[in-house]
Amino acid sequence: MASSETAATGAKGTDEGAAGVGTGRGPATASGDLAGLEAGLDALESGGGGDRVPVGRVLLTRVLPPIVAIALVLTAWQLTYWADVQPDYLLPSPGDVGAVFAEMWRQGTLLEYIWTSVSRGLLGFLIAIAVGTPLGLLVARVKLVRAAIGPVLTGLQSLPSIAWVPAAIIWFGLTNGTIYAVVLLGAVPSIANGIVAGVDQIPPLYLRAGRMLGARGLSSVRFVLLPAALPGYLAGLKQGWAFSWRSLMAAELIVHSPDLGTGLGQLMENYRTMQNMSGVLATIILILVVGVAIDLLFFSPLERRVLRSRGLLARVS
């Protein structure tokens, strides 16, 4: 009985070996084919890997729609102006607003106004990152801290930034300290809550694997927590910048001093004092353009790169 089973096993092995020789495909070759199949499926899901998108397609799908939208808004605005819905001093035409831009450009003050606000916003945002990131990690990883200040962070995020301006003026006077305090109080909760949300979405397996590999303390934060929480953290940074920009405009609208320089918020308040509606609308447009430009030039490309690197965003082909 044993000899017959041995013979059968030997015959089966001989047949498999012959099949392998006949087809030239052993176990190693099959494994390589499987890896190639997986790579092909990954490339198919990502839209062909490194294929470049035609310029015409980019113009048609990404550049043309915003231009059409802007043209429609300007057309509706001009038609409303021609219909005399409001007097000229309350509803100026697009041409009147354009004349304000041209005048600021001729005087050389346009870029100065923009840079004053952008530099304040960027500095306040960087300080908010330095404060909000460790605070968010602390709240995310320490249960007692989360129970104590987690709800406070959520409440601060929903509090309008302009509510902090009177208190900041009392604390710091009419100085840049008031503006930066309002920006920090508006941005830090958003950044902290963003990283908390990102850490909460990390699979526990990643944390256990990191501990098994010796990642503890700061090394765990650097090599496990922050990389794994990056999509949520990036969303928090994006929202934090939006809150920084809004808080900055709220502070500049109220805080006035010759020593502070003139930002976009202060410029809009000056035009309001002069009852210059064209100037007010021009400043609103500048605030909108700067906010959109920061998002398009920095946050959107960074967000797409992070999501694509994690297989969460397919390439457009």
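Taking both residues in full, the closest heavy atoms of Pro189 and Leu156 are given as CG-CB, 3.7 Å, listed atom of the first, atom of the second, then distance. For the residue pair Met104 and Leu286, the shortest heavy atom distance occurs at CE-CD1, 4.0 Å. In this structure, Gln78 and Pro94 approach most closely via the heavy-atom pair OE1-CD, 3.1 Å. The two residues Val97 and Pro92 come nearest to each other via the heavy atoms CG2-CG, 4.3 Å. In this structure, Val100 and Tyr271 approach most closely via the heavy-atom pair CG1-OH, 3.7 Å. Nearest heavy-atom pair, Phe243 versus Ser190, reported as atom, atom and distance to 0.1 Å: CD1-OG, 3.3 Å.
Side-chain heavy atoms closer than 4.5 Å link hydrophobic residues (I, L, V, M, F, W, Y) into clusters, and following such links, possibly through other members, connects Met274 to Leu253. Ile70 and Ile285 fall within the same hydrophobic cluster, defined by Ile, Leu, Val, Met, Phe, Trp and Tyr side-chain heavy atoms under 4.5 Å apart, directly or through other members. Note on Leu296: it does not cluster hydrophobically with Val73, by side-chain heavy-atom contacts below 4.5 Å among ILVMFWY residues. Residues Val182 and Ile170 are members of separate hydrophobic clusters, defined by side-chain heavy-atom contacts under 4.5 angstrom among Ile, Leu, Val, Met, Phe, Trp and Tyr.
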Exercise. Given the rule in the side chain to side chain contact (heavy atoms under 4.5 Å, CB included) test, do Arg120 and Asn176 qualify, once you have shown the distances and angles that lead to the verdict?
Worked result: CA-CA 9 Å; Arg120 287 172 176 166; Asn176 277 321; 3.5 Å; yes

For this session: Evaluate the side chain to side chain contact (heavy atoms under 4.5 Å, CB included) criterion for residues Met268 and Ile284: first the C-alpha distance (whole Å), next the side-chain angles of each, then the deciding distance (0.1 Å), finally the verdict.
Result: CA-CA 8 Å; Met268 182 163 55; Ile284 292 174; 3.5 Å; yes

Exercise. For Leu110 and Ile114, what are the C-alpha separation, side-chain angles and deciding distance, and is it a side chain to side chain contact (heavy atoms under 4.5 Å, CB included)?
Worked result: CA-CA 6 Å; Leu110 178 60; Ile114 294 175; 4.3 Å; yes

Problem set entry | Test log, rule side chain to side chain contact (heavy atoms under 4.5 Å, CB included), inputs Val145 and Ile149 | CA-CA 6 Å; Val145 176; Ile149 68 174; 3.7 Å; yes

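Side-chain atoms of Thr109 do not come within 3.5 Å of backbone N or O of Glu112 as any donor-acceptor pair. Thr75 places a side-chain N or O within donor-acceptor distance of the main-chain N or O of Ala71, the cut-off being under 3.5 Å. Looking only at distances, no side-chain donor or acceptor of Thr133 sits under 3.5 Å from a matching main-chain atom of Ala130. No donor-acceptor pair under 3.5 Å is formed between the side chain of Thr283 and the backbone N or O of Leu264. Using modelled atom types, no side-chain atom of Ser161 and backbone atom of Gly186 make a donor-acceptor pair closer than 3.5 Å. Side-chain atoms of Glu303 never come within 3.5 Å of backbone atoms of Ala235 as a donor-acceptor pair (strictly under, hydrogens ignored). A donor-acceptor pair under 3.5 Å links the side-chain atoms of Gln266 to the main chain of Gly263, judged by distance alone.
Residues Ile129 and Tyr233 meet the side-chain proximity criterion, which asks for heavy atoms closer than 4.5 Å. Counting heavy atoms from C-beta on, the side chains of Leu288 and Val292 come closer than 4.5 Å. Looking at Leu91 and Trp77, their side chains come closer than 4.5 Å, going by heavy atoms from C-beta outward. Proximity of Ile179 to Phe172: side-chain heavy atoms (C-beta onward) are nowhere separated by under 4.5 Å. Side-chain contact between Asp96 and Tyr81: present, with at least one pair of heavy atoms (C-beta onward) separated by less than 4.5 Å. Annotation: side chain of Trp164 is in contact with side chain of Trp171 (closest heavy-atom distance under 4.5 Å). Using a 4.5 Å heavy-atom threshold, the side chains of Leu111 and Trp105 count as touching.
From Leu123, atom CG reaches atom OH of Tyr180 across 4.5 Å, with rounding to the nearest 0.5 Å. Between the CG atom of Leu153 and the CG atom of Leu135 there is a distance of 5.5 Å, given to the nearest 0.5 Å. The line from CG of Leu260 to OG1 of Thr178 is 8.0 Å long, rounded to the nearest 0.5 Å. The CD atom of Gln86 sits 10.5 Å away from atom OG1 of Thr80, with the distance rounded to the nearest 0.5 Å. Separating the CD atom in Gln239 from the CG atom in Leu234 is a distance of 12.0 Å, to the nearest 0.5 Å. For the atom pair CD1 (Ile287) and CG (Leu267), the distance works out to 8.5 Å, reported to the nearest 0.5 Å.
Taking the six-membered ring where tryptophan is involved, the planes of Trp241 and Phe125 are perpendicular, since the angle between them exceeds 60° and thus also 30°.
Using a 3.5 Å distance cut-off with no hydrogens or angles, the side chains of Ser278 and Tyr89 do not pair a donor with an acceptor. Under the 3.5 Å distance criterion, with hydrogens and angles disregarded, a donor-acceptor pair is assigned to the side chains of Glu252 and Ser117. Side-chain contact check for Ser300 and Asp295: at least one donor-acceptor pair (N or O, by modelled atom type) lies under 3.5 Å. No side-chain donor-acceptor contact under 3.5 Å links Asn270 and Thr273.
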